[in-house]
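Residue numbers run from 1 in the order of the sequence given.
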Amino acid sequence: MTSGPTTPLPVAPPTSSRTPLPPPSAAPATAPGTSATASAAPATIRGSGQTLQSAFTGLFQGTPGRMRLLGILGVIAALLLGGAAANAILASEAAAERAATTTEQVVRMQSIQVDLLRADALATNAFLVGGLETADARAQYDAAMAAVARNIAAGAAAQPADAKALGTLAEKVQDYGALVEQARSNNRLGLPVGARYLTEASASLRASAIPVVAQIVDTNEARAQKEFDRSNSSIQLLAGVAALIVLVLIAVWLARRTHRYLNPSLTGGVILLVVGLIVAGTTIGKIGTTTAQVASGDYKRAVDLAHVRTAANDARANESLTLVQRGSGQAYEDAWVANDKTVRETLAGVGDSSDLTNGWDAYATAHKQIRALDDDGQWEQAVELATTQEASGATAAFNAFDEQVTQERDAASKSAIDQLGALGGGSTVWAVLIAIVSLIASWLIVRGIGQRIKEYR
C-alpha cells in the first residue's frame, strides 16, 4: 500500500533570550510633562557657578589681580583717612562747644556760692544796726537771694546732671532764708533771741548749703577741664597717617612692578589726601591751642576771681558775726584770718591784680581797726565802723573791692566763653570738605591703578 507525499510541518524561527538595546542615537525617556531641557538644567547651573567662581578668582590672580587688590586697599585707606580726619575735627569742635557750655555752668554755680555768702554778709551786717535795717541793705539782700534762685533754676535746666543736687540746695537755701526772717523779726522787737537765730542761720548755711554748692562747683570745674583736654583730638589723626603710609607703599610697589614711576591719577589722589590731613591737623591744632590758652588764661582768671570773691564775702560775714557774739566770737575771727589768707594767696596767682590787692588791703586795714576797738571794749564804736556808709568805714572799702572783683570776673568769663564759642562753624565746613576730598581721592586711586592694569595686559 502506497501513500501520497507528506507535507512538512512549519518551523518557528529561532528566538533570542536577550532584549535588543536601543540604537545609540535614541534619547532617554523622560517623565510626562518634563522636557529634556529642564532635566539638563542642574548640570547647566553647576557649570555656570563654577565658571563665575573661576572668573572671580581669576580677577585676583597674577600681577593684575594683585593690582586690583591693592586698588581696593587704597580706596579703604583713602576713606579711612578722610573719615578719621573729619571725625577728629568734629570731635575737637564738639569738645570746645561743651567746654564753653560747662564754663557757663561753672560761672553760674560760683555765682550761687558768692551770692549766698554775700546775702549772709549783708544780713549779719544789717543785724548789728539793731531795729529796722536800712532799705538799701534789705534790697541788696533780696537781690542776692533772688539771683541765687534764678541761677539754681538756670543751672538745673542747663546741666541735668546737676538737677538733683540743685534741688537739694534749693531746700537748704529756703531753710536759711526762714531762719534769717526769724532773726529779723526778733531783732525788730529788740529781743536777744534774734542773735541766736542769726547765728543758727549762718551756721546752717555753711554746714548744709555751702558744701552742696561747693561740690557742684568742683564737679563742673572738673567737667570743664576734661572738655579742654578733649578739644585737641590730634591723636585721632594717627589712623590717617597710617592710611597715608599704606597709599605711599602701594604707589611704590606699583611703580616698581610696572616700571612706570609717574601715575598722575594715583599721585593726585595721594596729594589730595596729604592736603586734607594737613588741613585737619592745622584746624585741630588751632582749636587745641585756643582752648589751652583759654583754660590757662581767661577761664582760670574767672575761676580764681570767683574764689576770691567767695572768700571775701565769707570774711565780711565772719567780721559781723564776731561783733554779734560780743566778745565770744574768736572762732569767727579765726575764720576771717583764714579767708584773708585765701584771698591774698589766690590774688598772688592772678595776673595784673595789684589794684585788687590794694583794694583788699584797704578793707583789711578797716577790719583791723574794728578788731582793735572791739578788743579794747569799745563795741559800739567797732559796730559803727563796721556798718557806716562813710568812706572811712569797712563797708565802703569792702563794696569797692567786691565790685571791682565782680567786674573783672565777669569780663574774664565772658571772654573765655566768647573765644570757645567762636571755634565752631568753620571747623564743620572743613570736615565736610575733607570727606569730599577723600571720595575724589578714592576715584583717582581706582583710575590710576586701572590704567596700569590695562597697560600690563
Side-chain angles (χ1 to χ4, degrees), residues 88-114 151 155 158-159 161-162 213-238 280-312 339 341-360 401-402 404-427 430:
I89 292 175
L90 294 176
S92 292
E93 182 182 14
E97 291 175 352
R98 291 193 300 269
T101 302
T102 308
T103 298
E104 289 181 325
Q105 186 74 343
V106 169
V107 173
R108 194 179 290 118
M109 295 302 101
Q110 287 178 329
S111 295
I112 292 175
Q113 188 174 15
V114 170
N151 283 324
Q159 178 55 268
D162 295 335
V213 69
Q215 180 60 47
I216 299 174
V217 169
D218 292 342
T219 300
N220 280 280
E221 287 181 0
R223 286 191 191 121
Q225 189 57 53
K226 286 183 180 179
E227 299 303 339
F228 284 129
D229 295 339
R230 290 172 180 168
S231 64
N232 192 338
S233 303
S234 300
I235 189 69
Q236 296 187 27
L237 294 180
L238 291 179
T282 303
T283 303
I284 294 171
K286 177 183 176 182
I287 294 174
T289 301
T290 301
T291 53
Q293 290 175 347
V294 171
S296 61
D298 288 331
Y299 171 77
K300 182 178 183 301
R301 182 178 179 83
V303 170
D304 287 345
L305 290 177
H307 289 322
V308 167
R309 193 166 178 236
T310 298
N339 294 142
K341 181 180 179 181
T342 299
V343 170
R344 294 185 184 281
E345 289 180 349
T346 307
L347 285 178
V350 176
D352 193 21
S353 61
S354 57
D355 291 343
L356 294 175
T357 302
N358 293 336
W360 179 253
F401 171 78
D402 187 61
Q404 186 178 5
V405 173
T406 302
Q407 290 176 352
E408 295 198 19
R409 194 277 317 252
D410 291 345
S413 61
K414 183 178 184 302
S415 176
I417 294 170
D418 289 345
Q419 289 181 71
L420 293 172
L423 294 175
S427 301
W430 284 118

Seminar exercise, completed: To the nearest 0.5 Å, atom OG1 of Thr102 lies from atom CZ of Arg108 at 10.5 Å
Exercise. Applying salt bridge (Lys or Arg N to Asp or Glu O under 4.0 Å), which residue pairs with at least one partner in residues 413-422 are found, sequence neighbours left out?
Worked result: Lys414-Asp418
Problem set entry | Spatial distance of atom CD1 (Ile287) from atom CD1 (Ile89) [nearest 0.5 Å] | 7.5 Å
Exercise. Does a donor on one side chain sit under 3.5 Å from an acceptor on the other, for Ser415 and Gln419?
Worked result: yes
Problem set entry | Which residues share a side chain to side chain contact (heavy atoms under 4.5 Å, CB included) with Ser111, sequence neighbours left out | Val107, Asp115, Asn151, Arg409
Problem set entry | Check: Gln105/Asp162 side-chain N/O donor and acceptor closer than 3.5 Å | yes
For this session: With sequence neighbours left out, write down each residue that passes side chain to side chain contact (heavy atoms under 4.5 Å, CB included) with Val114, or none if nothing qualifies.
Result: Arg309, Thr310, Asn313
Exercise. Any sub-3.5 Å donor-acceptor pair from Thr291's side-chain atoms to Ala96's backbone N or O?
Worked result: no
Seminar exercise, completed: Sorted by chain and residue number, the side chain to side chain contact (heavy atoms under 4.5 Å, CB included) partners of Ala412 (sequence neighbours excluded) come out as Arg301, Ala302
Exercise. Can you tell me how far the CD atom of Gln236 sits from the OG atom of Ser92, to the nearest 0.5 Å?
Worked result: 7.0 Å
Problem set entry | Interatomic spacing from CG in Leu305 to CD in Gln407 - rounded to 0.5 Å | 12.0 Å
Problem set entry | CG-OG1 distance between Asn220 and Thr101, expressed to the nearest 0.5 angstrom | 11.0 Å
Problem set entry | Pairing residues for Lys226 by the salt bridge (Lys or Arg N to Asp or Glu O under 4.0 Å) criterion, not counting sequence neighbours | none
Problem set entry | Results of side chain to side chain contact (heavy atoms under 4.5 Å, CB included) for Leu90 - residues two or more places apart only | Glu93, Thr428, Ala431
